[in-house]
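Numbering of residues begins at 1 and proceeds along the displayed sequence. Note that the structure is predicted; figures quoted are calculated from it, not measured.
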Amino acid sequence: MANRLADALSPYLRQHADNPVHWQEWGDDALAEARERDVPILLSIGYAACHWCHVMAHESFEDEATAAVMNENFVCIKVDREERPDIDAVYMNATVAMAGQGGWPMTCFLTPDGSPFYCGTYYPNTPRGGMPSFVQLLEAITQTWHNRRDEVSQAADAVATELRRSSGGLPVGEAAVEAVLLDAAAAAIATDEDREHGGFGGAPKFPPSNLLEGLLRGYERTRSADTLGLVERTTDAMARGGIYDQLGGGFARYSVDAAWTVPHFEKMLYDNALLLRLYAHLARVTGAELPTRVTRETAEFLLRDLLTTDGGFASALDADTDRVEGLTYVWTPDQLVEVLGADDGRWAAEAFTVTPGGTFEHGTSVLQLLDEPDDPARLADVRARLFAARQDRAQPGRDDKVVTAWNGFAITALAEAGIALGEPAWIDAAARCARFLLDRHLVDGRLRRASLGGVVGSPVGVLEDYGALVTALLAVHQGTGDRSWVERARELADVALTQFADPERPGSWFDTAHDAESLVARPRDPVDGATPSGASLIAEALLGLSALVHDDPRYAGAAALSLSAASILLEKAPRAGGHWLTVAEASVRGPLQVAVAGGGALLDLARRLAPGGAIVVGGEPDSSPLLDGRPLVDGASAAYVCRGFVCDRPVTTETDLREVLAAL
């Protein structure tokens, strides 16, 4: 036997191809080997940008003695959680159930049929803090397997039974999805706000992008100053803190403290795409300088640092550089002076809160911009010079894997941001990425999860891939006016309805297709987390499609059933339903539809001013369902604004359209 990861598509798996561990990918062959050898499976799940995954790899998986213990007593399987979210979801649930918490690296011990009987996360190479060493754990598991097999079987059966039970979906909600429910959800969310630092909860603190997008849409409906204040406090705090890259744009995955000061330095595509959408929406609503700047810088970060040669977007930048966390990004006062000279160096240290003692490790500081300096020209010059100097440093690794769902987020964000800020190049980039996904990731009418270097992998798409890509294609349609994007979106939505909907529970969705690989439990998780759930994404996609396709009532019906099934989240745990809140706000308002016959300046204005979640299309009369029977007025362009099935009179001037949209 030998390590079998050299030909893996995943960059994370390839990082482990030189380990002395006899790693192999998840598959029937690996499970069959465990049965033939009568040994348990050691399943290790992580991802390329994960700092502690790297630590455990360096400490244990690169160690010959540790690898020998692993190889002798286990079939060792490596999984990239980003490539196989279905496997990750099942065993994360098991890990949380057994250990009380989850995270990556995830370390699970399974019977040869895939049933987990012991799970945890990171284990050190020496006993530490009450934790056994990894080798001690391996030896204990091996002894238990050989000497107490009945206990292993009982534990595995119990866990598998619980996993299948917990994948049954949400209980039935009683609250109707209407304005009163959304107002109550927003009020409940507000009670959990960290009024001092912004955001929710303590350390570690994650960007609440889904929640803030939902609240911002609620503000557009209610004009509640309290709701807008919450959104602005959190977005401002994140944009000024260390979690935001003050030189290169883009956000780190989370802050290790409650004040957004020190990030966990990996930059994920999904975070930056979701936050780009949020900041673009906020910039469009308020016109404020800070969200406008952050929108531009984050879009530039995506296009500069994550764009691949094929037009897709890479998954992440690593937390580590040369095995040191944050090495690329942190500064000392002396380093600032070295780059900028004495005067500008001291000025920059004050502006960016770079202190002699440091805000990070070893006297270094993460750059923050807690107050806006009085001299914006000097700030721009200093930032440009520091960024140029930083580019000469060693850079973090990049996971070039192109994930369908995350690229869907990026397409939607770039298209909507391009519309909001008048940047057609961003819309063009979104369209190019969409074409790449349809050309490479769509195989025989079905989506695949990821590609690398233009070569698509074998793992099949999950529900979030379909939901995110359908919404993305509709966003490109609205940005370009090209009707063909709607037809491609419709094809994918039809697959989702056939393959992922639960026929026994209308409105409920499985995360894997009906004909996908059978795991110990079929994952189904409608709760929104760092990314929206697959169920809330497909609900958004179907709602948008229902406004653009009028000859098939399935889309509107399925969207309504999905929202109804998830209403219990908005009623009982709204912080766990941020994207559901986003979709529900659009649903309660119709969704709003603006059709501009003739296009031109009226269409540009509608695209900039229509509330989040609105559907905006333009073109010649009768050129699409929303424009059927909607002619020019006296030979001039006309805007038709509708809420669901009720429409206002057409307007032909920008002044009148502003008034109509302001009154929505």
Honestly, is Arg81 close enough over Trp104, meaning NZ or CZ under 6.0 Å from the six-membered ring centre and within 45° of the axis? yes
Does the structure place the NZ or CZ of Arg148 under 6.0 Å from the centre of the six-membered ring of Trp145, at an angle of no more than 45° from the ring's axis? no
Begin with the C-alpha distance, continue with both residues' side-chain angles, and end with the deciding distance and a verdict on side-chain contact (heavy atoms from CB on, under 4.5 Å) for Arg4 and Glu25. CA-CA 8 Å; Arg4 281 165 271 182; Glu25 297 187 65; over 6 Å; no
If you measure from [atom1] on [X] to [atom2] on [Y], what distance do you get to the nearest 0.5 Å?
X	Y	atom1	atom2	result
Thr582	Leu215	OG1	CG	8.0 Å
Leu581	Asp528	CG	CG	9.5 Å
Leu5	Asn19	CG	CG	8.0 Å
Glu62	Asn125	CD	CG	11.5 Å
Asp38	Glu33	CG	CD	12.5 Å
Ser255	His197	OG	NE2	9.5 Å

According to the salt bridge (charged side-chain N to carboxylate O under 4.0 Å, His left out) rule, which pairs have a member within residues 565-581, sequence neighbours left out?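 Counting only pairs at least two positions apart or across chains, the salt bridge (charged side-chain N to carboxylate O under 4.0 Å, His left out) contacts touching residues 565-581 are Asp192-Arg575.
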With a 3.5 Å distance limit and no angle check, can you tell me whether [X] reaches the backbone of [Y] through a side-chain donor-acceptor pair?
X	Y	answer
Asn3	Val21	yes
Asp465	Ala405	yes
Asn407	Phe313	yes
Gln499	His514	yes
Arg448	Gly457	yes
Ser564	Leu561	no
Thr321	Val324	no
Ser451	Gly454	no
Ser115	Thr111	no
Thr308	Gly312	yes

State whether the number of non-hydrogen atoms from other residues, nucleotides or ligands found under 6.0 Å of [X] atom [atom1] is greater than 12.
X	atom1	value
Asp28	CG	no
Asp113	CG	yes
Glu72	CD	no

For a 4.5 angstrom cut-off between non-hydrogen side-chain atoms, does [X] reach [Y]?
X	Y	result
Pro263	Val366	yes
Pro112	Leu31	no
Asp494	Arg554	yes
Leu492	Leu442	yes
Leu317	Glu266	no

Taking all non-hydrogen atoms of both residues, which atom of [X] and which atom of [Y] are closest, and how far apart?
X	Y	result
Tyr466	Ile538	C-CD1, 4.4 Å
Val177	Ala584	CG1-CB, 3.9 Å
Ala49	Met268	CB-SD, 4.1 Å

NZ/NE/NH1/NH2 to OD/OE distance under 4.0 Å, [X] and [Y]:
X	Y	result
Arg449	Glu83	no
Lys401	Asp399	yes
Asp511	Arg522	no
Arg14	Asp7	no
Arg277	Glu540	yes

Between Tyr254 and His264, what is the ring plane arrangement, given parallel below 30°, perpendicular above 60°, and tilted in between?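 Aromatic pair Tyr254/His264 classed perpendicular.
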Can you say whether the rings of Tyr12 and His16 are parallel (under 30°), tilted (30 to 60°) or perpendicular (over 60°)?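 Judged by the thresholds at 30° and 60°, the geometry between Tyr12 and His16 is perpendicular.
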Verdict with supporting geometry, Glu517 and Arg84, salt bridge (charged side-chain N to carboxylate O under 4.0 Å, His left out): CA-CA 11 Å; Glu517 175 188 1; Arg84 293 299 305 265; 2.9 Å; yes
Check: [X] ring centre within less than 6.0 Å of [Y] ring centre:
X	Y	result
Phe109	Phe74	yes
His51	Phe265	no
Trp406	Tyr270	yes

Which is it for Phe500 and Trp509 under the ring-ring contact (aromatic ring centres under 6.0 Å, His included) test, yes or no, and what are the steps along the way? CA-CA 6 Å; Phe500 295 91; Trp509 301 82; 7.7 Å; no
For side-chain hydrogen bond (donor to acceptor under 3.5 Å, both in side chains), just list the numbers for Gln136 and Tyr123, CA-CA rounded to whole Å, side-chain angles, deciding distance to a tenth of an Å, and then say yes or no. CA-CA 10 Å; Gln136 287 175 329; Tyr123 291 96; over 6 Å; no
Quick one: do the Ser10 and Asp80 side chains pair a donor with an acceptor below 3.5 Å?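 Present: a donor and an acceptor within the cut-off.
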Stepwise salt bridge (charged side-chain N to carboxylate O under 4.0 Å, His left out) check, Lys267 with Asp318: CA-CA 7 Å; Lys267 288 181 172 180; Asp318 207 333; over 6 Å; no
Once disulfide bond (SG atoms under 2.5 Å apart) is applied, what residue pairs with a partner in residues 52-122 remain, sequence neighbours excluded? Cys50-Cys53
Can you list the steps and then say if Lys205 with Asp194 is a salt bridge (charged side-chain N to carboxylate O under 4.0 Å, His left out)? CA-CA 11 Å; Lys205 187 173 280 184; Asp194 178 351; 2.8 Å; yes
Apply side-chain contact (heavy atoms from CB on, under 4.5 Å) to residues Thr404 and Leu469 and explain how you reach the verdict. CA-CA 7 Å; Thr404 301; Leu469 186 52; 4.3 Å; yes
Could you go through Asp444 and Arg446, starting from their C-alpha distance and side-chain angles, then the distance that decides it, and tell me whether this counts as salt bridge (charged side-chain N to carboxylate O under 4.0 Å, His left out)? CA-CA 6 Å; Asp444 297 328; Arg446 301 288 290 276; over 6 Å; no
